[in-house]
Amino acid sequence: MFTTGSKMFVGATVLSVVAAIVFAAATGGAVGLMSTVGLVTAAVIFTFLAGINLFTRDGNTPSMEQGIEHTAAAAQPPVGRSMWPLIAALGVGGLAVGAVSKPVVFKVSLFVLFAAIVEWMVQSWSERASADIRYNANLRNRMLNGIEFPILGTIGAGGVIYAFSRVMLAANPDAGRWIFIFIGAAIIAGAFLFASGRVSSKRTVAGVCAISAVVLLGVGVASALQGQRTVHPHPTVDDASQKALCLEGGEEEVDERASQDVSLKSNVVANIYLREGGELVAVINGYPDEAHEITVPRNAHIGVIFHNDSDEPERLTGRFGSFPDKPEAVSCTTAVHPGKSAYLGFQIPKTNLASSTPLEFIVPGLDGASIPIVVP
Amino acid sequence: MTFLTRRRLAGSAVAAATVLAGCAKDAPQDTFKPKGSNARTIDDLQRPLFYVAGAVGLIVFAAIGYSILRYKDRGQDMPKQTHGKTWLEVLLTVIPALILVGVGIPTVAAVFELADQKSECVVNVTGQQWWWEYDYSGTCGGVEITEPIVTSGELVIPTNTSVLLRITSRDVIHSYWIPALNGKRDAVPGRLQTLRLEADEPGIYVGQCTEFCGLSHARMRQAAVALNPADFQAWVDNQLEAYADNAPEADTLAAKGESTFIASCSRCHQVNELVKKDGTPVLAEPDLWVVSGAAPNLTNLMTRTAIGGWTFDLLTEDCREQLWNASPEEFGSLYLQGVWMNTDADADKPVCFDEATLRDWLRDAPAMKPNYSDPAKLDSTGGRTRGMPNLHLNETQIDELIAYLLERK
Ligand SMILES: [Cu+2]
């Protein structure tokens, strides 16, 4: 009664129903619920597919015909050999290797195994779908290409991106710039040649692409082995010395790139300027005049930008209060060159009334440069 | 009835329902009814656009309909097939391009106009799961705000004053929107974005958080209340009134309420200038108890008309109707009376006060507003809740608290 193709789906249906029941009974909580929902969904899908298969009887076999069970396409032995068992075996081997070495090997093997099983099943089913080999191959493609193409495409694009990123990480910054320019130019030139019809052979294009891919992968692997170039981090003040430095000032750790920290510039509560005369003023987002006090909501992440308009490197320090059982919270920018600016982010958990020390912005070493912070 | 006629019937029913849905009468969040200059800028842009797009849509549908009916398959011969018609293609490229340029210029102009930050009042607006907090300082429309004012749910602004909101969030992304006054602005943690509001007339303009922000997103509403400058001054004066002026008299129910409040509520909720028996200030520490690190300031609770993310009314239904439908002239004085609207001077309880709602809230807030405050599920947040937990108060305590909170006006 069951047609060949539907057997697989009927089996999968039964399996997922049983799995859903076992899971629902054995695992509670949100995880259990989600998994059960997932398994039930799978069961519904498999039922649907099994139903379609049953309905179409794996093709167009007239079910009332005598002896059709021997002559029908589905009854014919499979043609050719399949590489999928081999790949599946590789996957199983990989699982074992992965179990004792790296988790990533295990995961990749799991994926390979799963893919191989699916491919294998669909292939052997499609090979029996009819006596026409071309038709069978078509059937297989119709079933699987929809999944294969996006996955292979993703893997391919991922490989290219990964390899390219390794190259860029290994190359020094100046070389990187030229590599980018060269590759971009080459792609545009190639595209132009292709579009203008000067190169029309598909094989040439495919060949060039394939060679580029291989070269990219090769260089990528080589770069990955060579490792990343040393990236010089922005100078920062380390925790232990931070507080003293913030409160007493000093020119150590001048941040050469402070003014390049642009990401949050348009979303700050205030721009704080150190004027040439040593006066500290705030231009608060939204207020027309300069302000000498800043009100910020409590317990929200807030940012300010410090602009150093004086002639010396200076830092902006925020004194963010001493709340019960905690030392005073202090934080500062690194020293900023004259004419440059830097971002300082902070969060004050309680009202300033609860602090035993004042809340304010200061420039260490400059008396009188201070802007009180009010936290209602 | 044949299948076809039935299908046609169903089709027209759906179409009619869709069209009629656009005709809701009581729709305070209608984007086509601007009540202030910023919203009008948007409306002046979108209305002509809507008409142009509507006309284009009608023409396209008419053309499609005509072609379908006129040329449907009646067994006639295949018509001659043609390809390409340069003048037509040029025309069909140029006309949309011109329309888009025509639309683009005023759009860009409006975008820049709306992004302008000049204002006569700045209010910090901070979103969290699932309510909005406002804090005022500096001057607002010429009114001096000597101490910061912190309120929730209801944003009070002076009319005909450009008010700049500086919007941020304490937890996840929310979005602030008062459709009658301006477009939306996302509240993003770590960022501070601005939005200007300006209302022509006194009144209440409602809105709703428009970025899905978790369990009680649907109960995260807000309103802007516009008062004329004199009423706004009165509102500010009242907000800044010393606690001593409203402090409960000794041995009253409200005085018991104050102690209960200090014992059970003040760890989260601030009441400004509230002091303990020994005279030390009572300072809330919501950072220790609530995930967002904030709970509404209750100093002037009774000056609001709704609580809990502006979802549950403090006003009874009749009084709310009265307030919402009040003329611009009488709106301000009604609003400033709050729950004491329509109440005789010697009455001991305000007639407009929806006591049942506040009682329910105090008895079991999570039952009204789902908020993950079940103690069994607070491991991941270190015991902190995402809203007001059920505090298991008894009815006596609730009586006392209500008496106390009624005086927070
Ligand atoms: Cu929200």
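Here is the naming used below: chain letters follow the sequence lines, and residue numbers restart at 1 for every chain. Only a predicted model underlies this, so the values are computations on that prediction, with no experimental measurement involved.
Of the atoms belonging to B/V150, it is side-chain heavy atoms, and not backbone ones, that fall under 4.5 Å from chain A. Looking at B/L288, the atoms closer than 4.5 Å to chain A (heavy atoms on both sides) all sit in the side chain, from C-beta outward. In this structure, chain B has a heavy atom under 4.5 Å from the side chain of A/T351, while its backbone stays farther away. Using a 4.5 Å cut-off between heavy atoms, B/Q270 touches chain A through its side chain atoms alone.
The side chain to side chain contact (heavy atoms under 4.5 Å, CB included) with A/P297 is formed by just one residue from the set A/I302, A/V269, A/V375; it is A/I302. Among B/L298, B/T303, B/T299, B/N297, the one residue that satisfies the side chain to side chain contact (heavy atoms under 4.5 Å, CB included) test with B/L301 is B/L298.
Looking at B/E273 and B/E241, their side chains never come closer than 4.5 Å, going by heavy atoms from C-beta outward.
Donor-acceptor pairing under 3.5 Å is recorded for the side chains of A/S370 and A/E360.
With chain A as partner, the option from B/K118, B/R166, B/Q193, B/E285 having the largest number of non-hydrogen pairs under 4.5 angstrom is B/R166. For the set B/T194, B/D171, B/L283, the entry with the most heavy-atom pairs within less than 4.5 Å of chain A is B/L283.
With a 6.0 Å radius and a threshold of 12 heavy atoms from other residues, nucleotides or ligands, A/F346 has its CZ atom above the threshold.
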